[in-house]
Amino acid sequence: MYVPLLRVRDVTVDLKIGNREVRVLEGITFDVREGEFVSIIGPSGCGKSTLLRVIAGLLVPSEGVILFNGEPLRGPTPKITMVFQNFALFPWLTALENVELALINLVSSEEERRKRAKEALKLVGLEGFEDALPKELSGGMKQRVSFARALVSEPEVLLMDEPFSNLDALSAEHLRREVEELVKRSGAAPKAAVMVSHNVEEVVQLSDKVLVFGERPGRIIATIEIDLPRPRSPRLPRFSKYVDELYSLLSY
Amino acid sequence: MHKLVTELMDTTTDLLLSLLRLSVSLMLSVVISLGIGILAARSRTAERVIVPFLDVLQSIPILGFFPVVVYFLISLVPGLGAELAAIFLIMTSQMWNITFGVYEAVKTLPRDLLEVTDMLKLGLKYKIAKLYYPAALPKIASNLFPSWANGFFFLTASEIISLGGANYRLRGIGSRIMELIDGGDYVGLLLALVMLMTATALITELFFRPLLIWSEKYRFEVIAKPPAEGAVWIERVRLHRLKKIKEKLPLRIRLLRLSVRSTRFKGKLREIRLPKSLIPLMKGVLMSMVTLLLALSIMNNEDLKAALYLIIQPNFLNTALLSLTYSTVRVLLTVMLTLCWTIPLVIYIYHRPRLERLTLLLFQTLASIPAPLLYPVIANGFKGGLIELGVILMLMIGSQWYLFYNIYDGLKRFPNYLEEVLSLYNIKGLMRLRLALIPSIMPSLFTGLITFVGGCWNALVVAEKLRPGLEVEKGIGKLLVDYAHYGDLAGLYATLIIMTGFIVGLNKGLWSTLRDYVVKKFSYEV
């Protein structure tokens, strides 16, 4: 029987902000199938990043459950990794050491860790930069190190929290295409991706499915399937139609 | 009963005298700091002279000067000599961080404001009243409490030192407590300490904190920050009236964090100006020597000459350097012991909010007692063979709070997103310590260490020889006090020169370079 890779079921999150209990997410339900690139867009403060953290296993929802390969998620797992908006690299560790971090609990041999980390850096095009410190790298390169770290454990689901928003336009475009390729190639990790973004064009370019969130408490107000052949050109009229549709949903 | 009441009144008077001295010197310090700070910030030439001068002055162990200054002022103004000396001394301990704060505030005034005033041809008076003074206010307000605490330390220390002198004696809480301990009156001692803590808490709540909150409106920040969390012990006291007063104060700011902030800025200022090489070391030592010699020559030329002659005597040099070595070892041990408890404690309370609040509360209360007040208790308790331990303990309680708060602040700054990465990859225990927590506290640790060690040197002057009989065998602090006791000014000056040269050299040569390296390696990118 076909089981979706990831099932988000009725996830509700109440958080304590200051002195009040605030409902940040309500009744979030959707599936992520193998090979699917899902994006989440919505106004600021609608809980998108919080949802990502629930899926990552960092936050336990007040209600609802995440089913990963049919099993309820109980905490962080090396099969679901995350890339952060502000790179989240340790400033005193080299690029290689930052990537090795992901393998500390998975691989006991130091040599093996180093080998795999090197390969991950090669995959994202940073061969030769193993011993560089984050402050010596540009924004685009730092984010690549982040991606290397996220991919070195060969995850099944790759989560991304506004991964390109802190990069200059050119680096962002390059990285977008590479990420698309990585996710979309079959037979290799990652099998699926969930991305949070504020950039409607980038969402239409990359995603198979878009979940549109409303204002707090965050609920899914629309699900749009994007049926365009890859690679996608922003010049196609159908592309613009999707962009317009999403914009209108966002500014109701 | 009657005796208790008179005793209470005596203690109160003594406490008030001490507080009066503190307030007077604080006010004078603020006024002078404003002047110097503004001058240094607005005039290139002034800046080039003043800033290195100040930098050096703040690393000189002030307490070593006390006997000298008293001697000098007493000969000048017989009656008030000791009082003036005390106030002068306290001022020198309070002024530096306020001055640096003012300097920094005026220096970083937004360019456009200055240009507007120039365009409109508004004169100096206007500039001072409407620009410099308001800009400096927040920095002054946030540095007031650390200066107060600093001043209290020196005040009580100088009161205690004064007891050794024949013809001068300062009445105050420091000498009072010394007397109480001598007389074995522990009830009186407890009462005095409670009064002290209450007074400090009251002054903080009713004066320093409201001042700080009021000064916030003068801040130049573009984005309004949400009010920071606070944990002051007075919250725990369930007095309804106090609660009402507290409600009227909307912002809650962590108190002792102020002292941490001021150390950080001092460090940053040094970073801007000094390149990492031998030159700052030599410059520093040279400047401090010049300053010292200038100061001493003002007071007594003859003895200064004798002192300089004395320094090159092998006998004296031998003794001095040996004493210095002993003292340095003591300071090193103190540093290690303090690190041994502060780092683990900070890490332990890091994720335990309730314990954190309790600890902060407790330390806040303990830190409000100026350490020198406890010295007599410690000295008596660690008599004889254990005296070394006692001295180290005295050094610790003098400045350990500073270090604790620095490290605590450093760990608090560990970014949330890095915490998430650690959780994501399940990195716990020793790994977490080694890879994340320890490196993250490095910059704050080193910044704090410089101040901590500076405090230790000052405390040495008191701790190594509290009184004849309560002393170590060899130490540079003891040497100073001995020379002062016997009125041997030449020896006093000579020891002072050697001690200062060593401390400043250490500061500039070792600490600053180390600290620069550490801050560079471990700081977060913004």
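Convention: sequence-line order gives letters A, B, ...; per-chain numbering from 1.
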Self-check item: Between B:Ser444 and B:Asp409, a side-chain donor and acceptor under 3.5 Å
Solution: no

Quiz item: A:Phe84 versus chain B, heavy atoms under 4.5 Å apart: side chain, backbone, both or neither?
Solution: side chain

Exercise. Flag the pair A:Val107 / A:Lys115 as yes when at least one side-chain heavy-atom distance between them is below 4.5 Å, and no otherwise.
Key: no

Practice problem: Considering non-hydrogen atoms only, spot the tightest contact between A:Thr77 and A:Leu73 and give its length. | Solution: CG2-CD1, 3.8 Å

Exercise. Would you please test A:Gln143 and A:Ser146 for side-chain hydrogen bond (donor to acceptor under 3.5 Å, both in side chains) and show each step?
Key: CA-CA 5 Å; A:Gln143 195 60 305; A:Ser146 281; 3.2 Å; yes

Quiz item: What residues form a salt bridge (charged side-chain N to carboxylate O under 4.0 Å, His left out) with A:Arg7, not counting sequence neighbours?
Solution: A:Asp31

Exercise. Could I get the full list of side-chain hydrogen bond (donor to acceptor under 3.5 Å, both in side chains) partners for A:Lys184, not counting sequence neighbours?
Key: A:Asp208

Self-check item: chain B contacts, top residue of A:Gly57, A:Pro76, A:Pro78 (heavy-atom pairs, under 4.5 Å)
Solution: A:Pro76

Quiz prompt | Any side-chain donor near an acceptor of the partner, A:Gln85 and B:Tyr417, under 3.5 Å | solution = no

Practice problem: Side chain from CB out, backbone as N, CA, C, O: work out which of these in B:Met431 comes under 4.5 Å of a heavy atom of chain A, or both, or neither. | Solution: side chain

Quiz item: Relative to chain B, which segment of A:Arg149 carries a heavy atom at a distance below 4.5 Å: side chain, backbone, both, or neither?
Solution: both

Quiz prompt | Part of residues 94-102 of chain A lying next to chain B, heavy-atom separation under 4.5 Å | solution = A:Leu101, A:Ala102

Exercise. With sequence neighbours left out, write down each residue that passes side-chain hydrogen bond (donor to acceptor under 3.5 Å, both in side chains) with B:Ser399, or none if nothing qualifies.
Key: none

